[in-house]
Structures are given as structure tokens and as C-alpha cells.
Amino acid sequence: MPFSSPPNPKNYAAKVYELVRAIPAGRVMAYGHIAVFILPPLEMDPGQYLRLSPRWVGQAMANCPDDAPWQRVINSQGKVSPRPGYGPMMQRSLLEQEGVIFDDKERVDFEQYGWVPERAWLVEHGFVAPPPEDDEPPQPALF
DNA sequence: TCCTTGACTCAGA
DNA sequence: CTCTGAGCCAAGG
């Protein structure tokens with residue numbers, strides 16, 4: 001419930017989980033990175049969505065189903081944000097079991113392990129609008 | 001009623 | 001590179 005919430009929290013969380021489930025083993029995404037692929041509410045200012053959405057994702061992940069790979073979601077600095085009840089070591093070891101390497105500052109390199117969903121997947125699952133014919137697709141910018 | 005507390009991120013120092 | 005503060009707001013003690 002931190003810092004406002006989406007108009008439809010349940011629906012927003014469902015989108016988050018859907019995307020999280022698509023992250024392959026050994027790869028990671030940041031909260032804010034996930035938010036970029038979820039369309040903001042129509043009447044919401046895009047700038048405001050950019051500010052708030054990472055916490056919306058965090059809020060959703062707090063209630064993430066155990067059968068979803070919640071460990072593959074980390075913060076934008078490449079560090080793990082411990083899930084309450086599990087502790088930081090749990091998340092780190094889960095990722096290491098998938099082959100993710102942490103550097104000496106406990107961080108993951110996005111260049112190497114960061115993951116971006118295929119456009120076809122996004123379209124198929126309703127995350128972005130289909131490209132307007134032969135025009136440049138509205139691919140969200142990475143960090 | 002007031003104060004604390006959130007799986008966040010980015011710019012600036 | 002690390003550390004701070006701002007942005008923002010609802011629920012519980």
C-alpha cells in the first residue's frame with residue numbers, strides 16, 4: 001500500500017506477475033524496468049506514472065505468489081531488496097543457483113543479466129499496443 | 001490526531 | 001563511488 005496505488009491494484013499486480021513469470025532463469029529485471037512495460041492509467045500524467053510505478057511494482061511483489069520467480073526482480077542499483085520473511089541471503093542464493101554472479105558490492109550487472117521481453121511476447125500479452133503498421137514501435141527506453 | 005512505515009528511483013553533492 | 005533528499009500517500013499503532 002505504499003505511496004498511492006494503481007486505480008485497480010489487483011489488475012496491476014496481475015500484470016506484474018505475468019511479466020515476472022516470463023523472466024527466464026538466470027536473468028533479472030528491476031522494479032522500475034517492469035513498470036515501463038505496463039501501460040499507465042489513461043488519465044494519468046506519464047511523468048507521474050514514472051515516479052510512482054516502481055513502488056506499485058514493489059507493492060505487487062510484496063504479495064507475489066510463491067510459484068512465481070520473485071527472486072528475479074531486484075532494484076535499479078542491481079541489489080536485492082529483501083522480501084519480508086525471507087531475508088536477503090535467500091534471494092541471492094536462489095539467483096546464484098541460476099548462475100547469476102554478484103560482484104564484490106553485492107550487485108548484479110544488468111548488462112550481463114538484465115532481461116527485456118520480446119516485442120512479440122509483449123503484444124501477445126497485451127502489454128503494448130501493436131505497431132501502427134510500418135512505423136517505429138513504441139519500445140520503452142531502458143535505463 | 002500525529003507519526004511511522006513501506007520489495008523504489010533518480011538527481012545532486 | 002557512496003550517501004541524501006524529494007517525490008507521494010494510505011493504513012496502522
Side-chain angles (χ1 to χ4, degrees), chain A residues 1-131 135-143:
Chain A
M1 0 240 90
F3 307 97
S4 84
S5 53
N8 189 334
K10 221 180 160 186
N11 190 40
Y12 193 86
K15 279 302 200 184
V16 172
Y17 304 149
E18 191 175 359
L19 189 44
V20 169
R21 289 181 198 279
I23 306 176
R27 309 299 291 277
V28 298
M29 285 184 89
Y31 301 91
H33 201 175
I34 289 173
V36 165
F37 294 99
I38 301 178
L39 292 175
L42 290 180
E43 301 176 7
M44 186 176 198
D45 173 63
Q48 188 177 24
Y49 177 76
L50 220 52
R51 278 199 309 277
L52 299 178
S53 58
R55 303 231 249 215
W56 291 1
V57 174
Q59 174 186 352
M61 291 307 292
N63 300 308
C64 184
D66 284 323
D67 62 329
W70 53 269
Q71 72 273 21
R72 293 170 198 158
V73 183
I74 62 182
N75 64 36
S76 66
Q77 304 171 47
K79 298 179 188 171
V80 302
S81 297
R83 189 183 189 190
Y86 285 84
M89 283 180 47
M90 166 69 84
Q91 183 167 5
R92 173 170 175 160
S93 63
L94 282 174
L95 287 173
E96 288 178 328
Q97 286 172 36
E98 302 178 352
V100 175
I101 305 297
F102 286 72
D103 65 16
D104 55 353
K105 292 152 200 150
E106 312 231 303
R107 290 182 314 192
V108 174
D109 181 15
F110 278 108
E111 292 291 327
Q112 190 172 174
Y113 301 104
W115 182 75
V116 178
E118 295 295 325
R119 173 163 182 76
W121 186 93
L122 291 169
V123 172
E124 183 178 344
H125 292 258
F127 280 82
V128 295
D135 206 309
E136 204 53 36
Q139 194 66 269
L142 301 183
F143 291 165

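Chain identifiers are assigned alphabetically (A, B, ...) following the order of the sequence lines, protein sequences preceding nucleic acid strands; residue numbering begins at 1 within each chain.
Among dT9(B), dA7(B), dC9(C), the nucleotide with an atom closest to any side-chain atom of Met61(A) is dA7(B). The listed nucleotides are dT9(B), dA7(B), dC8(B); the one nearest the side chain of Arg55(A) is dC8(B).
Interface residues of residues 66-75 of chain A facing DNA chain B, ordered by number: Trp70(A), Val73(A), Asn75(A); criterion, heavy-atom separation under 4.0 Å. The stretch residues 13-29 of chain A has no heavy atom under 4.0 Å from DNA chain C, so no residue of it qualifies as close. Non-hydrogen atoms lying under 4.0 Å from DNA chain C are contributed by Lys105(A), Arg107(A), all within residues 104-114 of chain A.
Taking only side-chain nitrogens and oxygens, Ser76(A) comes nearer than 4.0 Å to OP1 or OP2 of dC10(B).
Residues forming a side chain to side chain donor-acceptor pair (under 3.5 Å) with Glu18(A) (at least two apart in sequence, or on another chain): His125(A). With sequence neighbours left out, Pro65(A) forms a side chain to side chain contact (heavy atoms under 4.5 Å, CB included) with Tyr17(A), Arg21(A), Asp67(A). With sequence neighbours excluded, the residues forming a side chain to side chain contact (heavy atoms under 4.5 Å, CB included) with Met44(A) are Pro41(A), Gln48(A), Tyr49(A), Leu52(A), Trp56(A), listed by chain and number. Remark: Ser93(A) pairs with no residue by the side chain to side chain donor-acceptor pair (under 3.5 Å) rule, at least two apart or across chains. Annotation: ring-ring contact (aromatic ring centres under 6.0 Å, His included) contacts of Trp115(A) (sequence neighbours excluded): none. With sequence neighbours excluded, the residues forming a salt bridge (charged side-chain N to carboxylate O under 4.0 Å, His left out) with Asp66(A) are Arg83(A), listed by chain and number. Under the side chain to side chain contact (heavy atoms under 4.5 Å, CB included) criterion, Ala14(A) pairs with no residue at all, not counting sequence neighbours.
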Let me have the donor-acceptor pairs involving side chains of residues 105-112 of chain A, under 3.5 Å, with sequence neighbours excluded, atom names and distances please.
residue	atom	partner	partner atom	Å
Glu106(A)	OE2	Arg92(A)	NH1	3.1
Asp109(A)	OD1	Glu111(A)	N	3.0

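A straight line from CD of Gln77(A) to C1' of dA11(B) spans 13 Å, rounded to a whole angstrom. To the nearest angstrom, C1' of dG7(C) lies 12 Å from CE of Met44(A). Between Asn63(A) atom CG and dG6(B) atom P there is a gap of 14 Å when expressed in whole angstrom units. Note: CG (Leu52(A)) to P (dG6(B)) measures 19 Å, nearest angstrom. The distance from atom OH of Tyr31(A) to atom C1' of dC10(B) is 17 Å, rounded to the nearest whole Å.
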CA sep, side-chain torsions, deciding dist, call: Leu95(A), Arg72(A), side-chain contact (heavy atoms from CB on, under 4.5 Å): CA-CA 7 Å; Leu95(A) 287 173; Arg72(A) 293 170 198 158; 4.1 Å; yes
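For residues 64-83 of chain A, the ring-ring contact (aromatic ring centres under 6.0 Å, His included) pairs, not counting sequence neighbours, are Trp70(A)-Tyr86(A).
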